[in-house]
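The sequence lines fix the lettering, A, B, ..., with proteins before strands; numbering per chain opens at 1. Everything quoted here is computed from the prediction, not taken from an experiment.
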Amino acid sequence: MEKMVDTSWLKKDLNSVQRQAVEQTEGPVLVLAGAGSGKTRVLTYRIAYILANGLAEPREILAMTFTNKAAGEMRERVAKLTPSMLSGMWIGTFHSLFARLLRREAEKLGFDHNFAIYDESDQTSLLKRVLAALKLPLKEYSPKKMLYQISAAKNNLISPADMLEASEKEVDRILARVYAEYQRQLKDLNAMDFDDLLVKPIELFERFPLVKEYYQDRFTYILVDEYQDTNRAQYLALRYLAARKKNICVVGDDDQSIYRWRGADIRNILDFEKDYSDCCKFRLEQNYRSTQNILSAAHSVIKNNRQRHHKELWTTQLSGDKVSLLEIDDDLHEARMIVNRLGMELKNGDRDFKDFALLYRTNAQSRVLEEALRVEGIPYIIVGGIKFYERKEIKDVLSYLRLLINPSDVISMTRIINTPARGVGQVTLGKIEAFAQKNNLSILEAVAQVPQIPGVSAKSVQSLLTFYHTMCKYRDLLGQLSPSEIAASLVDDIGVLRDLKQEGTIESMARVDNVRELLLAISEFSNQFGSKVTLADYLQHVSLTTDIDNWDDRANAVTLMTLHAAKGLEFSVVFIAGLEEGLFPLSRSLDDSAALEEERRLFYVGATRAKHKLYLSWARNRRRYGERINSVVSRFIKEMDGTFVDWQQKRRPVSRRSPYGSSRRYEETFDMPDYENESQENVEFRIGMRVSHHTFGKGTILKIEPSGPTAKLVVQFDTAGKRRLVMPYAKLEIL
DNA sequence: AGTGCATATCTTTTT
DNA sequence: GATATGCACT
């Protein structure tokens with residue numbers, strides 16, 4: 001049989017290591033794939049190879065990625081190789097595939113299959129409810145921090161009971177109680193948060209061995225992309241799934257692990273060989289993306305990390321241009337300089353706008369860059385930042401839809417019960433909730449009974465009943481109308497557009513557009529996935545879709561995004577802005593070597609996005625938190641091997657004529673007055689500087705909190721720990 | 001119940 | 001500096 005299958009395409013498109021990794025279908029396989037070494041290619045060809053050789057049916061293949069975009073790409077590329085074999089394969093993100101699995105098995109875990117998926121703001125609302133229920137004052141217990149700790153616990157598979165047992169201090173016990181109550185309420189509301197999507201499958205497998213065995217048998221071949229970014233829960237879920245057939249192939253690069261803060265555990269990839277002792281290991285070290293200079297420069301930085309597999313990428317490409325370093329006065333000039341260089345590259349290099357990316361550490365940095373691009377009339381797209389689905393007006397409409405699907409969703413109910421205003425406030429809502437609880441009703445059912453609840457004004461009763469009947473009407477229509485018809489009609493019924501138009505401000509008109517865009521998106525979703533998609537499908541899609549997934553890589557525009565969002569992408573020319581101590585690496589990681597190594601990996605990820613040309617820039621003075629801050633150059637630039645770098649340290653002159661468009665405007669703007677003579681009262685201190693204190697000894701400045709004469713410094717002392725000092729009294733000596 | 005002012009926190013990164 | 005939230009006041 002196998003002889004008949006033509007696999008010559010393997011030889012043609014793959015190098016020898018890639019081919020080996022594709023052909024080693026049986027048993028555990030670890031592919032250490034450096035940046036730009038063709039890991040997606042290996043994954044897709046491996047799937048195609050398995051199918052072409054009849055080793056498995058499509059439905060026996062499980063392929064996990066981190067973003068929908070990566071999943072879509074994989075699906076597309078597999079379809080090209082084996083066009084007839086697509087249907088039934090499980091290709092998707094961890095979250096979406098596990099959500100699919102959980103919907104099938106939800107009842108076993110005490111959930112309804114229509115469970116809601118809570119995002120961060122839903123989680124925060126819920127946690128506030130929990131804190132209120134436990135009578136804990138919000139001031140002392142920051143919901144954000146607690147949420148973070150609960151999330152960390154979940155990712156490490158620590159249950160509320162485990163946490164309670166391990167807690168020694170009172171605060172820890174309280175946290176454990178909050179965690180327990182939070183989980184209890186989620187179940188009550190028939191909702192799961194993002195972490196639950198990863199953790200609940202494990203609970204399912206452990207409590208129901210037969211279910212586990214079903215999936216173990218079903219998935220003959222498991223493939224995992226970006227394995228370096230898996231957390232403990234993902235690790236264990238994969239272990240369970242692969243335990244029987246052991247055909248698990250993980251692909252990743254420890255140098256590109258950048259989600260530690262979200263619970264990713266780099267040990268998962270570092271220890272794969274220990275976990276699967278009979279595994280085959282392949283190293284992809286030939287890079288097909290970047291020039292030698294870019295690779296060498298990136299390597300000279302990443303090699304400073306201790307926690308890594310040693311490796312060095314190579315290429316057959318020419319050395320290419322050196323990496324350009326731009327040292328600039330302030331963030332405004334930085335933006336202009338970047339745009340200026342962009343113009344030069346555009347003209348010299350036969351390139352188009354879409355070949356450029358501007359990358360930065362924090363979303364806040366996009367503003368000045370955006371402004372500079374706008375001034376020159378350069379088209380650009382910003383990925384990330386304020387997310388569409390998180391806008392108020394959008395969340396409001398979505399909350400109506402969510403409540404339709406899941407009538408227990410109190411969080412959505414609290415959002416919309418008084419939008420538009422119905423004369424229902426906190427007090428009334430509290431009464432309804434209490435009534436629901438006492439009579440064991442869903443929150444929506446309780447609204448139906450509102451005439452029986454004492455102390456609710458006649459006017460409120462009336463509007464609540466109208467609200468209830470509207471919801472009932474659409475619940476009945478769920479089976480009959482398409483998602484977009486329901487949404488459009490509902491939007492019309494509740495009159496959001498009318499109210500917004502009446503407001504008549506610029507902002508409210510923008511919101512009208514947003515709501516219209518939402519309606520359009522819903523109907524597009526139906527078009528894309530066929531007429532049998534339900535509103536519930538759409539809502540899940542919304543919950544698990546991010547900005548980068550919607551990024552249109554065909555649009556001819558410069559792309560602005562964070563370094564995190566850029567992972568997996570490539571551009572001809574890449575700019576990385578803001579290479580300053582305290583910004584990149586970020587100040588919070590300065591005193592934590594693991595966090596610092598992660599920043600370094602992030603830098604590596606950014607640098608290796610560039611195919612032909614890489615620019616790095618830093619500004620000595622930058623606006624942050626609405627204040628001006630002085631900083632020193634990032635250690636990553638200092639670590640970089642100078643032979644690969646073109647040090648353009650002199651600020652001016654840049655070029656006599658801007659090669660881009662109207663040169664006059666550029667020169668005018670660039671010839672701005674120096675900031676050096678202004679507001680220099682505290683310049684002697686900069687983030688990242690080494691200082692000495694008469695009692696605390698030597699240390700590094702982590703942070704400067706400028707607030708006039710009482711500016712404070714946060715200093716990490718080598719022996720005395722982290723201290724906050726008031727600048728005028730600190731008497732620090734600069735080393 | 002709704003309005004307006006004061007404050008706090010934010011800028012780490014996202015499924 | 002911007003937004004979001006909490007609080008006091010009406």
Side-chain angles (χ1 to χ4, degrees), chain A residues 64-71 92-99 117-121 123-125 128 137-139 142-145 148 151 154-155 192-199 226 229-231 233-234 257-264 359-368 383-387 389-392 417-418 421-429 456-457 459-460 463 507 540-549 561-567 578 582-590 592 595 598-599 601-603 605-606 622-629 703 705:
Chain A
M64 311 274 236
T65 64
F66 272 82
T67 65
N68 294 294
K69 191 176 165 57
T93 64
F94 276 92
H95 290 84
S96 66
L97 293 179
F98 282 165
I117 297 172
Y118 276 5
D119 68 13
E120 209 179 301
S121 73
Q123 291 181 58
T124 309
S125 312
K128 282 182 185 164
L138 232 66
K139 271 189 190 147
S142 142
K144 240 193 139 161
K145 276 186 193 140
Y148 180 78
S151 172
K154 287 198 199 184
N155 287 326
M192 296 195 194
D193 65 17
F194 285 134
D195 301 318
D196 286 334
L197 295 179
L198 305 179
V199 171
E226 311 276 16
D229 283 328
T230 51
N231 63 31
Q234 287 161 317
S257 169
I258 54 174
Y259 287 103
R260 192 183 80 106
W261 53 274
R262 211 170 72 191
L359 308 181
Y360 35 79
R361 179 65 240 262
T362 64
N363 276 309
Q365 287 166 259
S366 68
R367 234 201 175 97
V368 272
V383 178
I386 344 102
K387 278 159 231 130
Y389 291 113
E390 285 169 17
R391 291 164 203 265
K392 276 190 282 306
I417 193 142
N418 205 33
R422 296 188 176 86
V424 180
Q426 290 238 291
V427 182
T428 310
L429 184 61
V456 181
S457 75
K459 204 170 141 238
S460 302
S463 60
E507 293 86 27
Q540 165 158 335
H541 168 81
V542 167
S543 313
L544 300 179
T545 300
T546 61
D547 235 48
I548 185 75
D549 298 323
M561 62 173 105
T562 64
L563 289 142
H564 281 86
K567 192 172 73 162
L583 181 60
F584 192 21
L586 214 52
S587 58
R588 296 171 70 150
S589 57
L590 253 36
D592 175 349
E598 173 139 313
E599 295 280 314
R601 291 192 292 270
L602 189 57
F603 176 80
V605 166
R622 175 180 303 276
R623 244 186 134 85
R624 259 183 110 185
Y625 308 96
E627 297 274 356
R628 293 218 148 267
I629 293 190
K703 201 173 167 195
E705 296 169 8

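Between the P atom of B:dT12 and the CZ atom of A:R361 lies a distance of 8 Å, rounded to the nearest Å. For the pair A:R601 CZ and B:dT12 P, the computed distance is 18 Å after rounding to whole Å. Across the protein-nucleic acid pair, A:F194 atom CZ and B:dT14 atom C1' stand 8 Å apart, rounded to whole Å. With rounding to whole Å, A:R367 atom CZ is found 6 Å from C:dA2 atom P. A:E120 has its CD atom 12 Å from the C1' atom of B:dT12, to the nearest Å. Counting to the nearest Å, the P atom of B:dT14 and the CG atom of A:N155 are 16 Å from each other. Between the CZ atom of A:R422 and the C1' atom of B:dA1 there is a distance of 15 Å, given to the nearest Å. What separates CG of A:L198 from C1' of B:dT14 is a distance of 12 Å, to the nearest Å.
Between A:H95 and A:F194, the ring planes lie perpendicular to each other; the angle is over 60°, past the 30° to 60° tilted range.
Annotation: C:dG6 and B:dT11 have their C1' atoms spaced 22 Å apart (nearest Å).
In this structure, A:N363 reaches the B:dT13 phosphate: one of its side-chain N or O atoms is under 4.0 Å from OP1 or OP2. Put simply, A:T67 has no side-chain N or O that comes within less than 4.0 Å of OP1 or OP2 on B:dT14.
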- Message: side-chain hydrogen bond (donor to acceptor under 3.5 Å, both in side chains) for A:Q540 and A:S543? Distances and angles first, verdict last.
- Response: CA-CA 5 Å; A:Q540 165 158 335; A:S543 313; over 6 Å; no
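Contacts of A:E226 classified as salt bridge (Lys or Arg N to Asp or Glu O under 4.0 Å), with partners at least two apart in sequence or in another chain: A:K39, A:K567.
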Sort me out a list of protein N/O and nucleotides 5-11 of chain B N/O pairs below 3.5 Å, or just none if empty.
{"from": "B:dT11", "atom 1": "OP2", "to": "A:K144", "atom 2": "NZ", "distance (Å)": "3.4"}

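The nearest heavy atom of DNA chain B to A:T428 and to A:H95 marks one nucleotide each, and the one closer to the 5' end goes with A:T428.
Listed for the A:R361 side chain is no donor-acceptor partner under 3.5 Å among the backbone atoms of A:P585. Side-chain atoms of A:N418 come within 3.5 Å of backbone N or O of A:V424 as a donor-acceptor pair. One N or O on the side chain of A:D229 and one on the backbone of A:I258 form a donor-acceptor pair closer than 3.5 Å. The main-chain N or O of A:T93 is never found under 3.5 Å from a side-chain atom of A:N68 such that the two would form a donor-acceptor pair.
Closest to the side chain of A:N418, out of B:dT12, C:dA2, B:dG2, is B:dG2. In the set B:dA1, B:dT14, B:dT13, B:dA1 carries the atom at the smallest distance from any side-chain atom of A:V427.
Counting non-hydrogen atoms under 4.0 angstrom, A:F66 reaches the backbone sugars and phosphates but no base.
Stacking is not found between A:Y259 and the pyrimidine-like six-membered ring of the B:dT14 base under the 5.5 Å centre-distance and 30° plane-angle cut-offs.
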